[in-house]
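In what follows, a structure is listed as structure tokens, so that the remarks can point back to it.
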Amino acid sequence: MSLYSIGEVARICGINPVTLRAWQRRYGLLKPQRTEGGHRLFNDDDLDSIRTILGWINRGIPVGQVKSLLEGKVEALPGGWSQAEHRLLTELQDGRSNKVRQLMTELGREYPAASFVNNILRPLRERLSSGDSRLLMLRSQLDGLIVEHSVMTMNAARKRPGKLATLVGWGQIDNTELWLEAIVRCEEGMQVDVLPAPLDEPHLENLSGSQILLWSEGKLTQIQRQRLLNWVEQGLSIILLGSSAIILSAGENEPHEEPEPDIFPRDDSQATLQMVPLRKEGKNSD
């Protein structure tokens with residue numbers, strides 16, 4: 001049976017080593033072997049367990065309940081994500097910013113970044129966006145704490161080897177989405193810089209040494225699509241994010257759309273343009 005270091009497991013399963021350590025130390029979910037030097041070693045059974053744990057978490061099960069589920073002692077209860085949302089919201093409403101910081105750090109360690117962002121932070125922001133000025137004030141406070149948490153995550157990522165990436169907002173966007181995306185990308189092994197103010201006319205050629213993560217909302221104009229093509233032809237590596245990526249991807253399969261420029265590089269090009277829709281994980285999927 002093969003043995004894997006914690007770094008290898010993190011890459012294989014797409015999860016932060018900090019989260020794996022928290023699962024072991026705090027919840028007893030994993031029991032890796034140890035080398036003579038004390039380093040963790042995981043086998044194939046451990047990888048299967050990690051995938052099972054991720055499956056429960058992605059269904060909204062609180063991480064503290066997973067061990068009993070794995071042992072068959074209890075049945076899954078719905079609404080785990082909403083419980084985490086409620087904990088954050090309660091502390092926010094009570095004006096305990098330090099408690100919110102602590103809880104965000106705790107949740108960020110316990111859950112994979114994509115789950116934390118897509119199933120807790122984004123839904124909570126949406127919940128606070130559909131109310132009166134008092135709720136909008138709470139969302140503004142939450143956004144400030146999200147930026148703070150994101151910066152902490154980015155600083156930690158820079159201490160590890162990783163691909164350089166720059167997050168850029170193009171046009172009218174929700175700025176906080178950039179900081180949320182940075183949290184996710186850091187766990188994927190990137191060293192991320194965020195340009196906090198969206199740009200109507202970004203000059204991406206200045207970022208030629210970096211993977212460009214370009215966040216845009218709404219249908220791109222013909223001029224914007226041509227700019228994408230030009231950037232790719234200049235050798236830039238771009239991942240398009242946000243609803244523009246979803247619309248552009250769908251448009252390519254629409255028979256009634258007018259022909260558009262081919263924005264994908266030829267086989268001999270070193271550049272890439274990936275259209276990546278906003279990652280959404282079902283909050284209570286079966």
Close side-chain approach of [X] and [Y], heavy atoms under 4.5 Å:
{"X": "Glu201", "Y": "Arg227", "answer": "yes"}
{"X": "Leu248", "Y": "Arg225", "answer": "yes"}
{"X": "Pro32", "Y": "Leu41", "answer": "no"}
{"X": "Tyr27", "Y": "Val66", "answer": "no"}
{"X": "Leu241", "Y": "Leu167", "answer": "yes"}
{"X": "Leu88", "Y": "Ile120", "answer": "yes"}
{"X": "Leu220", "Y": "Leu240", "answer": "yes"}
{"X": "Ile12", "Y": "Tyr4", "answer": "yes"}

Are [X] and [Y] close enough for a salt bridge, meaning some N to O gap below 4.0 Å?
{"X": "Glu106", "Y": "Lys99", "answer": "no"}
{"X": "Asp174", "Y": "Arg125", "answer": "yes"}
{"X": "Lys163", "Y": "Glu188", "answer": "no"}
{"X": "Arg40", "Y": "Asp46", "answer": "no"}
{"X": "Arg185", "Y": "Glu181", "answer": "yes"}

* Asked: Which of these, Ile6, Val9, Ile53, sits in a side-chain contact (heavy atoms from CB on, under 4.5 Å) with Leu30?
  ->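 When Ile6, Val9, Ile53 are each tested with Leu30, the side-chain contact (heavy atoms from CB on, under 4.5 Å) holds only for Ile53.
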
* Asked: Would you find more than 12 non-hydrogen atoms of other residues, nucleotides or ligands less than 6.0 Å from Arg109 atom CZ?
  ->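 Not more than 12 within 6.0 Å, no.
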
Do you reckon [X] sits in the same ILVMFWY cluster as [Y], going by side-chain contacts under 4.5 Å, direct or chained?
{"X": "Leu103", "Y": "Leu180", "answer": "yes"}
{"X": "Val18", "Y": "Leu47", "answer": "no"}
{"X": "Met152", "Y": "Leu145", "answer": "no"}
{"X": "Val151", "Y": "Leu121", "answer": "yes"}

Distance from [X] atom [atom1] to [Y] atom [atom2], nearest 0.5 Å?
{"X": "Asn43", "Y": "Ser49", "atom1": "CG", "atom2": "OG", "answer": "8.5 Å"}
{"X": "Ile146", "Y": "Leu142", "atom1": "CD1", "atom2": "CG", "answer": "4.0 Å"}
{"X": "Thr166", "Y": "Ile238", "atom1": "OG1", "atom2": "CD1", "answer": "11.5 Å"}
{"X": "Arg34", "Y": "His39", "atom1": "CZ", "atom2": "NE2", "answer": "9.5 Å"}
{"X": "Leu107", "Y": "Thr19", "atom1": "CG", "atom2": "OG1", "answer": "11.0 Å"}
{"X": "Trp170", "Y": "Asp200", "atom1": "CH2", "atom2": "CG", "answer": "10.5 Å"}

Donor-acceptor contact present, side-chain [X] to main-chain [Y], <3.5 Å:
{"X": "Thr153", "Y": "His149", "value": "yes"}
{"X": "Glu187", "Y": "Val184", "value": "no"}
{"X": "Asn175", "Y": "Pro196", "value": "yes"}
{"X": "Tyr111", "Y": "Val63", "value": "yes"}
{"X": "Ser244", "Y": "Gly218", "value": "yes"}
{"X": "Glu217", "Y": "Ser243", "value": "yes"}
{"X": "Ser210", "Y": "Ile212", "value": "no"}
{"X": "Thr52", "Y": "Asp48", "value": "yes"}

For [X] versus [Y], what's the shortest heavy-atom pair and its separation?
{"X": "Pro123", "Y": "Glu85", "answer": "CB-OE2, 3.5 Å"}
{"X": "Ala182", "Y": "Val192", "answer": "CB-CG1, 4.0 Å"}
{"X": "Gln224", "Y": "Thr221", "answer": "OE1-N, 2.9 Å"}
{"X": "Ile57", "Y": "Pro112", "answer": "CG2-CD, 4.3 Å"}
{"X": "Leu128", "Y": "Leu138", "answer": "CD1-C, 4.0 Å"}
{"X": "Ala10", "Y": "Leu20", "answer": "N-CD1, 4.3 Å"}

* Determine, step by step, whether Val194 and Met154 satisfy the side-chain contact (heavy atoms from CB on, under 4.5 Å) criterion, reporting the C-alpha distance in whole Å, the side-chain angles of both residues, the deciding distance to 0.1 Å, and the verdict. => CA-CA 9 Å; Val194 175; Met154 290 189 291; 3.8 Å; yes

* To do: Run the numbers on Met190 and Leu213 for side-chain contact (heavy atoms from CB on, under 4.5 Å), then give the verdict.
  => CA-CA 11 Å; Met190 293 184 175; Leu213 307 172; 4.2 Å; yes

* Does the pair Arg127 and Leu89 meet the rule for a side-chain contact (heavy atoms from CB on, under 4.5 Å), with working shown? -> CA-CA 10 Å; Arg127 182 175 174 182; Leu89 179 57; 3.6 Å; yes

* Can you list the steps and then say if Asn230 with Gln226 is a side-chain hydrogen bond (donor to acceptor under 3.5 Å, both in side chains)? -> CA-CA 6 Å; Asn230 293 341; Gln226 184 60 51; 3.1 Å; yes

* **Residue from Arg26, Arg25, Arg21, Arg87 passing salt bridge (charged side-chain N to carboxylate O under 4.0 Å, His left out) with Glu110** =>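 Single salt bridge (charged side-chain N to carboxylate O under 4.0 Å, His left out) partner of Glu110 among Arg26, Arg25, Arg21, Arg87: Arg26.
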
* Would you please test Glu8 and Arg11 for side-chain contact (heavy atoms from CB on, under 4.5 Å) and show each step? => CA-CA 5 Å; Glu8 290 171 329; Arg11 287 191 293 273; 3.4 Å; yes

* **Chi angles and distances behind the salt bridge (charged side-chain N to carboxylate O under 4.0 Å, His left out) call for Asp193, Arg158** => CA-CA 10 Å; Asp193 288 325; Arg158 292 189 185 101; 2.9 Å; yes

* To do: Please check if the distance between the ring centroids of Trp179 and Trp215 is under 6.0 Å.
  =>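 No.
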
